[in-house]
2 protein chains.
Amino acid sequence: MAKSKSIIGVDIGATFVKIGLVDAKGKILHKDSFATKKHKNRDKLLSEIVDRVDRLALGNRSNIAGVGVGVPGPVLFKKGIVYNLTNIKGWKRVPLKSILSKRLKGMPIVVDNDANCACLGEALWGAAKGYRDIVCITLGSGVGGGIMIDGRVYRGRNYSAAEIGHICIDRNGPRCNCGSNGCFETFGGNNYIVKEVVSRLNKGERSSVLELAGNKYTNITPKLLDKAARQGDKFSIKAWEKVGLNIGIGLAGIVNVLNPEIIVIGGGLSKAGEHLFGSIRETVKARAMDIFTKGLKIKRAKFIEDAGIVGAAALIRGRLQ
Amino acid sequence: MAKSKSIIGVDIGATFVKIGLVDAKGKILHKDSFATKKHKNRDKLLSEIVDRVDRLALGNRSNIAGVGVGVPGPVLFKKGIVYNLTNIKGWKRVPLKSILSKRLKGMPIVVDNDANCACLGEALWGAAKGYRDIVCITLGSGVGGGIMIDGRVYRGRNYSAAEIGHICIDRNGPRCNCGSNGCFETFGGNNYIVKEVVSRLNKGERSSVLELAGNKYTNITPKLLDKAARQGDKFSIKAWEKVGLNIGIGLAGIVNVLNPEIIVIGGGLSKAGEHLFGSIRETVKARAMDIFTKGLKIKRAKFIEDAGIVGAAALIRGRLQ
């Protein structure tokens, strides 16, 4: 492929399918999206994706270096088989790469797990540019993970490794969706932080976040909690510090095992301010071994809302040079 | 080097220095050892190692493919610099590879961390033969770890990765030697198991292990605890199951992140019977994600007492073909 050609990135999420035209430097030139649940079956969903890709290619597929596709959950990378997509009928072990290759003839197709995509996107064009040994976590409703070793995404034997959110940090901790207990994800995702805050307020603690939420518990979001923390609300600051502590404990283990150069933290929660990042950095420094923390960078991701599109597009580049 | 030549493996441990002549198939032809504390300073220790190596080479260095050296703790692998060896004066950032290369002219020297050596030894000649994505843990006074990815030892940015024993599995757990809390190592090493058993006996629980130990707490060892368990002592069986649970929790996290083909468990504690291994296997299966445990092997190491010598010798082979 010509290195200057644009790429199309497709991010098939549980809520939205996002599609974007990305230039050779990782800049989004145009983007588009539709609700995933608009289509109840697989073929209609894929047809809409194919249509929108063609629209972005302006009818000339040879203008495009390729189409990268990111999906949640495990992907058999080499064959481009997607294990399952919740909420979409008939989506079990779908050979997405070969289906799209037929329907988008002339365009190379690469499919991977969305957290791997996010890591590759940051490595090529974002916060991890210039680094080769990278750990990337995405703090959303869960905690996703991507690993690059010497400039390549690490996928493991089944091409689906790097489930960093599922390291246990509390053997007696609460049940995790994965079936285990006390996974890092159970203390670091969106759901956890809101639940924790509501439980503390219920116990009679006071915080300005409740006013910001119009005195309704159900209106409390990580965004409002960040706003309150930035305004100096001690309760909210403590809440972020606690999340940072848990994330830091999980990351310290990863640092001791993988010894990366840089950790990039993305996803919605990563927009929180220095209370979160300060606590993560402090905890990793205190808990990981000195030899590994010396020179280790911990940075916020460059791509948040667009991480899916940019990351999927990065798949077409595949790896660092 | 000729592939049929023998190799010399040197295992510099905290208690003993072990040296062995190993054939091209990993079989020890001759071995030798002396107490590490025999020499209080670095140069005398190195002189004795050089003498013994020469003795094993029968005065003909060209008969030997090379000398592999394993040491505890971090090693800057490419340069062969050893960070520190406890109990030996003047041992801080010692360029062991270049010192030995000068003193053993004509023999290639490779130096690495002993847990990495153990992993390589199992991969070339032991329980992990035929596998390429391997995690190896050594259960001794601590918990050491080695990782192979696609047939090569994974060393990370500082060449000292794979400190698997220092993943936190209990964020509120006891202090670990590394400075963190609740590391996997604090629940899996020799010291832990004996302490735990004594504490339970102190609380009035009964076990035949105490009789086996001549009714002296200080005589209780993992070996006796294994003997008691094999004889059906419920207390001892429960003790091994609990250790297995903790080891399994730590390993499940590693499995979710690295997705290996096989886990090899070595070190003194691994000689314990099926009560330990059954519990480890069950826990990993219950706690790691299904996609990763399908087909995953968990095996006992082939090399226990000789793991240091054989592993160090394996360094001269370097990696799988």
Side-chain angles (χ1 to χ4, degrees), chain A residues 73-74 76 83 131-133 135 145 147 149-150 154-173 176 178-184 187 245-246 248-262 283-284 286-292 294-296, chain B residues 73-74 76 83 131-133 135 145 147 149-150 154-173 176 178-185 187 245-246 248-262 283 286-292 294-296:
Chain A
L76 285 179
Y83 267 87
Y131 296 89
R132 302 183 68 81
D133 294 320
V135 167
I147 296 169
I149 293 175
D150 198 22
Y154 178 69
R155 295 187 175 87
R157 179 174 59 102
N158 298 327
Y159 312 109
S160 42
E163 286 288 353
I164 294 173
H166 299 282
I167 286 185
C168 166
I169 63 165
D170 189 343
R171 57 197 179 132
N172 306 310
C176 176
C178 77
S180 185
N181 286 79
C183 291
F184 172 13
F187 302 104
L245 175 70
N246 290 323
I249 291 173
L251 288 177
I254 285 291
V255 165
N256 284 342
V257 171
L258 291 179
N259 185 201
E261 295 172 282
I262 183 169
T283 307
V284 171
R287 295 237 182 189
M289 298 170 98
D290 287 349
I291 186 171
F292 300 132
K294 216 176 152 183
L296 174 70
Chain B
L76 284 179
Y83 267 87
Y131 296 90
R132 301 183 69 80
D133 294 319
V135 166
I147 295 169
I149 292 176
D150 199 22
Y154 178 69
R155 295 186 174 89
R157 180 174 58 104
N158 297 329
Y159 312 107
S160 42
E163 285 289 354
I164 294 173
H166 299 283
I167 285 186
C168 166
I169 63 166
D170 190 342
R171 57 197 180 131
N172 306 310
C176 176
C178 77
S180 185
N181 287 78
C183 291
F184 173 15
E185 169 164 311
F187 303 104
L245 175 70
N246 290 322
I249 291 173
L251 288 177
I254 285 292
V255 165
N256 284 342
V257 171
L258 290 179
N259 184 202
E261 296 173 282
I262 184 170
T283 308
R287 294 239 182 188
M289 296 169 101
D290 287 349
I291 187 170
F292 300 132
K294 215 175 151 183
L296 174 71

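Residue numbers begin at 1 in each chain, while the letters A, B, ... track the order of the sequences.
- For F292(B), the parts lying near chain A are the backbone and the side chain together; criterion is any non-hydrogen pair under 4.5 Å.
- Shown here are the ring pair (Phe, Tyr, Trp, His ring centres under 6.0 Å) partners of F187(B), two or more places apart in sequence or in another chain: Y192(B).
- Residue Y83(B) touches chain A through its side chain alone, counting heavy-atom pairs closer than 4.5 Å.
- Pairs of residues two or more places apart, or lying in two chains, that qualify as side chain to side chain donor-acceptor pair (under 3.5 Å) and include a residue from residues 162-173 of chain B are D170(A)-R171(B), R171(A)-D170(B), N246(A)-R171(B), H166(B)-E185(B).
- Expressed to the nearest 0.5 Å, how far OH of Y154(A) lies from CG of D150(B) amounts to 9.0 Å.
- Chain A forms the most heavy-atom pairs under 4.5 Å with one residue out of I169(B), I147(B), L245(B), and that residue is I169(B).
- Of the listed residues P260(A), G182(A), C183(A), G145(A), the one with more heavy-atom pairs under 4.5 angstrom with chain B than any other is P260(A).
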Please assess L258(A) against L258(B) for the test side chain to side chain contact (heavy atoms under 4.5 Å, CB included), listing each intermediate value before the final yes or no.
-> CA-CA 10 Å; L258(A) 291 179; L258(B) 290 179; 3.9 Å; yes

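- Interatomic distance, CD1 of I291(A) versus CZ of R157(B), reported as 9.0 Å (0.5 Å rounding).
- Across all their heavy atoms, N259(A) and G156(B) have their closest contact at OD1-C, 3.5 Å.
- Within residues 248-255 of chain A, the residues that have a heavy atom under 4.5 Å from a heavy atom of chain B are I249(A), G253(A), I254(A), listed by number.
- With sequence neighbours excluded, the residues satisfying salt bridge (charged side-chain N to carboxylate O under 4.0 Å, His left out) with R155(B) are D112(B).
- Note on I167(A), V257(A), D290(A): by heavy-atom pairs under 4.5 Å with chain B, the leading option is V257(A).
- Side-chain contact between R287(B) and C168(A): present, with at least one pair of heavy atoms (C-beta onward) separated by less than 4.5 Å.
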